[in-house]
Amino acid sequence: MENTVVGRFAPTPSGRMHAGNVFAALMAWLGVRAAGGRLVLRIEDLDPRAQRPEATRLLLDDLHWLGLDWDEGPYYQSERADVYAQALHALEGRGLTYPCFCTRSELHAASAPHASDGTPLYAGTCRGLSAAEVERRSRVRPPATRLRVPEQDDPAGTIAFEDLVCGPHTQTLAHDCGDFLIRRSDGVIAYQLAVVVDDALMGVSQVVRGNDLLGSTTRQIYLQRLLGYDRPAYAHVPLLVAPDGRRLSKRDRDLDLGEIRAHDAGPERLLGRLATTVGLAQRGEELGADALVERFSWKRVRACARDTVVFTA
Ligand code: GLU
């Protein structure tokens with residue numbers, strides 16, 4: 001059973017799923033079912049500020065309605081603080097981290113260069129603080145924790161991988177993101193660290209998600225190396241955008257499942273339209289998730305994939 005594909009769907013319960021979230025879930029599900037593998041469901045409820053009451057219950061109900069089942073979980077990140085703390089301490093114990101006191105406005109200063117994913121590139125302001133300075137500043141405000149990335153000319157900081165959908169991808173951490181956060185100043189573990197720990201401990205071998213996270217992957221691979229974890233395969237699927245080019249979002253309540261379920265008899269119309277965007281169904285075809293398993297291959301998805309796909313109501 002060693003080569004069984006273990007995939008996961010890892011939604012953040014910050015609102016009702018929209019068509020883009022369903023698309024990512026469908027691709028993760030197909031990636032597993034077509035390979036006869038196992039799917040883990042993980043609720044990424046790490047950030048208490050981003051939670052919406054009811055969202056998790058609706059999410060599970062929507063997945064049932066869509067016919068997208070899972071084999072393990074749901075696991076809740078909010079219940080896994082201990083495992084993240086262990087990984088954090090392991091990195092701290094090896095001198096790979098440092099406390100960072102920069103405020104949000106300092107980080108977002110207009111002059112700050114930006115990384116490929118739009119986040120400000122960390123300038124290294126707190127990299128060299130003396131112990132006395134750390135002590136002094138800690139009395140004023142609690143620090144966040146950053147991971148030190150290799151210097152620009154150190155080959156260890158250049159990370160390449162082959163994405164099942166997007167093809168080859170390379171980044172140099174010092175240039176593309178700089179030293180990155182692994183724990184926020186309010187004590188919440190950062191997404192990058194939590195996702196790496198969870199994927200490894202849950203035995204995930206195939207990560208399927210929207211390509212807004214393509215730029216995070218090299219950070220995650222770097223953390224896997226430091227923590228001695230295996231690297232999963234990655235498939236970053238296109239983002240769905242509205243006809244005006246705006247990315248579908250929970251905040252704008254774009255095509256959320258509440259509306260879709262209120263108007264449609266079953267999930268087949270939505271699944272058919274999502275499958276069409278990556279060449280797995282004909283225009284106008286309506287079909288259930290099970291019917292797509294035989295048609296699915298990463299090769300087919302890759303042949304059709306672009307960064308974004310226009311999706312209309
Ligand atoms: N929780 C993230 C989201 O809902 C996905 C994280 C991941 O797949 O790595 O966007």
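Values reported hereafter were calculated over all heavy atoms of this structure, with side chains retained and with hydrogens, waters and symmetry mates removed.
Y122 and F180 have their aromatic ring centers separated by at least 6.0 angstrom.
A salt bridge links R33 with D71: at least one charged nitrogen is closer than 4.0 Å to a carboxylate oxygen. A salt bridge between E162 and R231 is absent, with no side-chain N of the basic residue lying under 4.0 Å from a carboxylate O of the acidic one. R42 and D199 are joined by a salt bridge, as a carboxylate oxygen and a charged side-chain nitrogen come within less than 4.0 angstrom of each other. Note on R16 versus D62: salt bridge recorded, some NZ/NE/NH1/NH2 to OD/OE distance being below 4.0 Å. With respect to E133 and R127, no salt bridge is recorded, no charged nitrogen being found less than 4.0 Å from a carboxylate O.
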Margin query: Does V301 form a side chain to side chain contact (heavy atoms under 4.5 Å, CB included) with M27? I'd like the steps, not just the answer.
Written below: CA-CA 9 Å; V301 173; M27 290 294 118; 4.3 Å; yes

Next item on the list: For R80 and L46, run side chain to side chain contact (heavy atoms under 4.5 Å, CB included): C-alpha distance rounded to whole Å, both residues' side-chain angles, the deciding distance at 0.1 Å, then the answer.
Entry: CA-CA 9 Å; R80 297 172 55 77; L46 204 54; over 6 Å; no

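In the hydrophobic cluster analysis, where Ile, Leu, Val, Met, Phe, Trp and Tyr join through side-chain heavy atoms closer than 4.5 angstrom, L63 is grouped apart from Y75. L39 and M202 fall into different hydrophobic clusters, where Ile, Leu, Val, Met, Phe, Trp and Tyr side chains are chained together by heavy-atom contacts under 4.5 Å. I43 and V204 are assigned to two separate hydrophobic clusters, defined by single-linkage of ILVMFWY side chains at heavy-atom distances under 4.5 Å. When the side chains of ILVMFWY residues are joined at heavy-atom separations under 4.5 Å, either directly or via intervening members, Y98 and L88 end up in two distinct hydrophobic clusters. No single ILVMFWY cluster, assembled from side-chain heavy atoms under 4.5 Å apart, contains both L214 and L164.
Using the six-membered ring where Trp is involved, W298 and F296 have ring planes that are perpendicular, over 60° apart on the 30 and 60° scheme.
Rounding to the nearest 0.5 Å gives a distance of 6.5 Å between CG of D307 and SG of C166. In this structure, L121 CG and C177 SG are separated by 7.5 Å, a value rounded to the nearest 0.5 Å. In this structure, the separation between CG on L274 and CZ on R269 is 11.0 Å, given to the nearest 0.5 Å.
Side-chain contact check for Y222 versus P150: some heavy-atom pair is nearer than 4.5 Å. Counting only heavy atoms from C-beta outward, the side chains of L181 and I189 never approach each other to under 4.5 Å. P142 is not listed as a side-chain neighbour of D186, based on a closest heavy-atom distance of 4.5 Å or more. With a 4.5 Å cut-off on side-chain heavy atoms, D47 and Y191 do not count as touching.
With hydrogens and angles disregarded, a donor-acceptor distance shorter than 3.5 Å links the side chain of S205 to the backbone of V6. Using a distance-only test at 3.5 Å, with no hydrogens or angles considered, a donor-acceptor pair links the side chain of R295 to the main chain of L280. With hydrogens and angles disregarded, a donor-acceptor distance shorter than 3.5 Å links the side chain of E106 to the backbone of T103.
Here the closest non-hydrogen pair linking P232 and Q206 is CB-N, 4.0 Å. Across all their heavy atoms, A28 and R8 have their closest contact at CB-O, 3.6 Å. Contact between L287 and A281 at its shortest, heavy atoms only, is CD2-CB, 4.2 Å. Across all their heavy atoms, E151 and A174 have their closest contact at C-CB, 4.2 Å. Between F101 and V134, the shortest heavy-atom contact is CZ-O, 3.6 Å.
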